[in-house]
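Only one structure is covered here, and it is reproduced in the block below.
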Amino acid sequence: MDLNEYQGKQLFKQFGIPVSDGRLAHTPAEARAAAEEIGGQVVVKAQVLTGGRGKAGGVKLAEDPDDAEQKAKDILGLDINGHVVEKLWIEKASDIAKEYYLSITFDRGAKKPLFMFTTQGGVEIEEVAENNPDALVRLHVDALEGYQPWVARRLVYGAGVEDPSEQKQISAIIGQLYRCFVECDAMLTEINPLIVTPDGEVKALDSKFTVDDSALYRHPDIAEFRDAGAADPLEALAREKGVTYVKLDGSVGILGNGAGLSMSTVDVVVVAGGKPANFCDLGGGGNAQGVVDALEVITKDEQVKSIFFNIFGGITRCDEVARGILEALERLQLTVPIVVRLDGTNAEEGRKILAEAAAANLYVEPTMLDAATRAVELAA
Amino acid sequence: MDLNEYQGKQLFKQFGIPVSDGRLAHTPAEARAAAEEIGGQVVVKAQVLTGGRGKAGGVKLAEDPDDAEQKAKDILGLDINGHVVEKLWIEKASDIAKEYYLSITFDRGAKKPLFMFTTQGGVEIEEVAENNPDALVRLHVDALEGYQPWVARRLVYGAGVEDPSEQKQISAIIGQLYRCFVECDAMLTEINPLIVTPDGEVKALDSKFTVDDSALYRHPDIAEFRDAGAADPLEALAREKGVTYVKLDGSVGILGNGAGLSMSTVDVVVVAGGKPANFCDLGGGGNAQGVVDALEVITKDEQVKSIFFNIFGGITRCDEVARGILEALERLQLTVPIVVRLDGTNAEEGRKILAEAAAANLYVEPTMLDAATRAVELAA
Amino acid sequence: MAIIVDNDTKLVVSGLTGSEGRFHGLRNRAYGTNLVAGVTPGKGGQDVEGVPVFNTVSDAVGEAGANTSMVFVPARFAPDAIYEAVDAGITTVICITEHIPAHEMLRVYTYVRTKGVTLIGPNCPGVLSPGKANVGIIPAEVFKPGSIGLVSRSGTLTYQIGNELAQRGLGNSTIVGIGGDPVVGSSFIDVLEKFEADEETTTVVLVGEIGGDEEEKAATWISDHMSKPVFSYIAGFSAPPGKTMGHAGAIISGSSGTAVAKKEALEAVGVKVGTTPTEVAELVIAAAG
Amino acid sequence: MAIIVDNDTKLVVSGLTGSEGRFHGLRNRAYGTNLVAGVTPGKGGQDVEGVPVFNTVSDAVGEAGANTSMVFVPARFAPDAIYEAVDAGITTVICITEHIPAHEMLRVYTYVRTKGVTLIGPNCPGVLSPGKANVGIIPAEVFKPGSIGLVSRSGTLTYQIGNELAQRGLGNSTIVGIGGDPVVGSSFIDVLEKFEADEETTTVVLVGEIGGDEEEKAATWISDHMSKPVFSYIAGFSAPPGKTMGHAGAIISGSSGTAVAKKEALEAVGVKVGTTPTEVAELVIAAAG
């Protein structure tokens, strides 16, 4: 789960990482009130889960409460890469002498947390990695050794931070960020920029924060950060129903069991000349209710002209799936053609159940490729 | 550092391990007041750093405050294995249905913490280990894996605890004791007996607790537990001066640098026919002040008739030691004969310094064996 | 021979008394797997259709000779079950459980690696050596014995490929689902290494998917160490960048981790890559024929 | 050859700019040890009598080619310095620092073991290969080159034994002080194993002391694996039970860990044990003669 800037900063603060004083605002009036409380210049920042806010006009400096209200009016409702701005973070403006970059990524390849630190902050880190790789210090931490103070020294000296006070502050932040990363079950924590003010104070001016969905059960406070409004409405419905769903742009609705097979199903529809309307994974279980829920989500998309339902049973049993399809047909009054392919555990029983039901909009095909071809024809 | 029962229980309580309500008392009057506050039957327990308190009459049941006062009178001042009772722990009496045993030792051989658990508690664990080894479950924990819940299951099921409520309570205590062991830098934490009351409640009725001296700097609260009154007065003086000193029973005072060489010096004095008065290790440094302090401690023992000062310089420099000896002679006005053997770093300079001083009670010998023989002669 | 599970496998199932553990454990036994024990704390002494249940894995090892563990307990108990198995002397652990927090698996993984234990999963369908043993949830009836090693990050996709091969008369030495979580006990390379050493395996099919760089690393390893022919299928050619497709593995960030990049990396070292499950099966047939 | 340190040693000293680190580091260099670097955070770029100082061990490895680290920093920074050295690719770490908390060393030890690094100490006098290299605080002038391997839990006692041998004309291949703390990086057995494999070592003297069971374990190992003659000295025959004699190792609990028990265990496997340092030297001479 990705967190908004203000949420990540809240966690940073809990772990002792210095951030600026700020308030959340949903309306221009709230923005004004926040600016009054904070005092002086403030920055009005769109809270959306996408990059490039600055370029899109989502981050503005305001001189006073009046100005903050005006800037809030400008920014609220903006569409930034498909994300409509509904929340603002009003934060005390900082003077910036230097911009650094600090992050920890859960490195799946190395199977270790990966620190990245550079004094060349404030830009995309990929740019630094490409144009000035020597300026970027990369350092893995062993999960059993855990964080040790030498890690901070390698990063700080390695990146060439020379001021002793900066060294000390940044070393402390490095340790705090690691604790935050581990204790919040983060997959990514990024501070860009990590600024040094003209007074020599180091603080986090932005936050990028991704938390492991599988660990949310033990972080109820973080789980509450979930931003229901921020997702595509269909994806939000899917999440509510516990269905893994990604909206695509075509006309063939796709439902498979397992991420790999579902992805492959999307590919095969493309190979068969069709355009997938979505990616939808029934997951491991695949009981009747799950099937009904998934079909409800998929058919809410008006672009869908046919559905390819591709099941290879393992832990999922095909007879259960077949019953789910029949139940969905009845409960959702579905008329869109559904092409079904069943294989694996109890496939024969499943096919028999569907054959006996003899629904007019139900097509059972023997292979994945046949089924894809039929679904593409029916969507045309 | 060994902790008294009441100190260990205080730590147990901090980590959630159930213990009985109790109060510390230094006088019979305090014991009475404690018994009044606690109410009902209490147990009056001598707080001394030695085993066998029960057999020595140091643990008594008291029916009421009057009785508690009387029992306190009986126990205070008792000499238990050379330890005079100066403190009592007055504790609510517990009904005991079962007595178990649980401990964690820092196993130096395996280099892992070692759990031991048995339902045959209340007696010396060595007895159980010898007479009923199958009843004793031993289990190591990997320091990097850390404590995991399966450890408690192995112990509890392995020892044959059958009551589900007991299993649950003991499993919790096992986890808490491990946290206590690690977070207090303990070398030993032992609960014997771990009792089950007739109501099925599990709690720690005693505690044995040893903390790593090297880690005391990060446990100021535990360091304060140090029981200055409990040690031999000479050993207490030695500790105060930062000298490692163990009182023995003979007439040849011994001072060496390094534990191994000092022990060997004790042995060699015995081989030469003498009786060592002490073990004393100057430690790694061995500056002049250290020498003075060590000689002050050793000569406080009136049994000492001669001193064997055995130095093999490494990090310790013999010239420094020689200067320390001369300083001690002057400052402490020592008249007891001191046999000195110097070798290693700057030995020649050291010998020269001593030769030039030409003190009447100073004997410089070339080898350890020669020096031992001379010291034994001088003590005769 | 085969790899990871075979006729020498003596299986203990952690969670055998749960409904899923029971269903699949007994199904594995019905296939011929030597299921010697189950473990459920507090149920020691009971049995599941004749399979003795113990309180601890240690008892299952000591009393039933278990050498392989299948973990089928809920996510919050699974890391403990893996540690328990490893410390009880089990040498192969197959963890089916999904949704284990990544940080916890990271510690488990790092620990297990120091012990020389083979860990497959978590969040994986298990391992099947057709005709010998099945440990996990792979529908064994789809596969038949043969000489093609199959390794995959995905469960159902593996069945699909196996099915396509079986329909063309080809069988498998072992099918390994390594799982799609951020941290899995065995990588493609770990399994390729075993297939390379396995006498019974003549050909390997590697089933990858978008996200990460495991397929790219596997390509390098294949180029450096593999003498046997490798074929591959990659899922997600049509996936849009920046979207998570189901499990944590299936996300493309920027230009790295795309199906096309993986295909190119594999083809560069001589691995033939199919763009549909059918195509990869046909490539294997063509090479065999 | 010799073991642990020799002419190939390229030493970096953590804490070279401290007074003790400087004194002994330079003394080691004066003996002939190839001291290539010091490490003190914040003092990178300075030098200590020509020895370059770096901010991190990683820099000392990268820029000065260090392969061996001597840790001379205070106890509360020493574990970090060991981790730093190991993760920077140093393969031999010799930790002189005393008073490191045992639990912390336990984690360091367990980690270091998985990395295949040789750790000597903490709370040890170091390692000296006479005529080749000296890393630590052993007074090298006491020892001369030869073929006797010497391993000991105690510092000064080692010098005493070495002195007794040298006075009788015998020299050493390597002298290893393993340290007397509850957790030391290398045990007697670890060092015996190296001596057994070392061509230059013909005889080994093991200097033990009361407490623990390391000498007993060493006896078993000697019996099973050692082809070279071993002699031993044990300190503490006259020590009373239940008293800690200086360092944590030297405590006898009950009947185990006594000098007599250790002597018997060693003699039972053919190791000749002296009761004074002089006697052990004479035993070695007698066998050599």
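Proteins get letters first, then strands, A, B, ... in listed order; numbering begins at 1 in each. Just so you know, these numbers use all the heavy atoms, side chains as well, and skip hydrogens, waters and symmetry mates.
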Hey, which of [options] has the most heavy atom pairs under 4.5 Å with chain D?
| options | value |
| --- | --- |
| D142(B), L144(B), L216(B) | L144(B) |
| C280(B), G146(B), A186(B) | A186(B) |
| A143(B), P276(B), S264(B) | S264(B) |
| G313(B), G344(B), P113(B), G256(B) | G313(B) |

For V271(B) and F237(D): C-alpha separation, side-chain torsions, deciding distance, then whether side-chain contact (heavy atoms from CB on, under 4.5 Å) applies.
CA-CA 10 Å; V271(B) 167; F237(D) 279 94; over 6 Å; no

Checking heavy atoms, do the side chain of [X], its backbone, both or neither come under 4.5 Å from chain D?
| X | answer |
| --- | --- |
| D343(B) | side chain |
| Y217(B) | side chain |
| A110(B) | backbone |
| D212(B) | side chain |
| D249(B) | neither |
| V182(B) | both |

So does [X] have more than 12 non-hydrogen atoms from other groups sitting under 6.0 Å from [atom1]?
| X | atom1 | answer |
| --- | --- | --- |
| K115(D) | NZ | yes |
| K275(B) | NZ | no |
| E348(B) | CD | no |
| E124(B) | CD | no |
| R138(B) | CZ | no |

Roughly how far, to the nearest 0.5 Å, is the [atom2] atom of [Y] from the [atom1] atom of [X]?
| X | Y | atom1 | atom2 | result |
| --- | --- | --- | --- | --- |
| D181(D) | S214(B) | CG | OG | 6.5 Å |
| Q160(D) | T265(B) | CD | OG1 | 7.5 Å |
| S154(D) | M263(B) | OG | CE | 7.0 Å |
| H99(D) | D213(B) | NE2 | CG | 9.0 Å |

Sort [X] into side chain, backbone, both or neither according to what part of it lies under 4.5 angstrom from a heavy atom of chain B.
| X | value |
| --- | --- |
| I100(D) | backbone |
| R27(D) | side chain |
| Y109(D) | side chain |
| I234(D) | backbone |
| E20(D) | side chain |
| E214(D) | side chain |

Under a 3.5 Å distance rule, please check whether D267(B) uses its side chain to pair with a backbone N or O of A235(D) as donor and acceptor.
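Between the backbone of A235(D) and the side chain of D267(B) there is no qualifying donor-acceptor contact (under 3.5 Å).
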
Could you report the tightest heavy-atom contact between [X] and [Y], atom names first, then the distance?
| X | Y | result |
| --- | --- | --- |
| T156(D) | G258(B) | OG1-CA, 3.6 Å |
| M368(B) | P277(D) | CE-CG, 4.1 Å |
| G180(D) | R108(B) | O-NH2, 3.9 Å |
| G260(B) | E209(D) | CA-OE1, 3.8 Å |
| T278(D) | L369(B) | OG1-CD2, 4.0 Å |

Evaluate the side-chain proximity of [Y] to [X]: yes if any heavy-atom separation is below 4.5 Å, no if none is.
| X | Y | result |
| --- | --- | --- |
| F312(B) | T158(D) | no |
| R317(B) | F23(D) | yes |
| P182(D) | M187(B) | yes |
| E141(D) | T345(B) | yes |

Leading residue by heavy atom contact count with chain B [cutoff under 4.5 Å; candidates I161(D), V183(D), I137(D), V142(D)]:
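Maximum pair count with chain B is reached by I137(D).
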
Contacts with chain B made by residues 101-108 of chain D (heavy-atom distance under 4.5 Å), listed by residue number:
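Contacts with chain B: P101(D), A102(D), H103(D), E104(D), L106(D), R107(D).
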
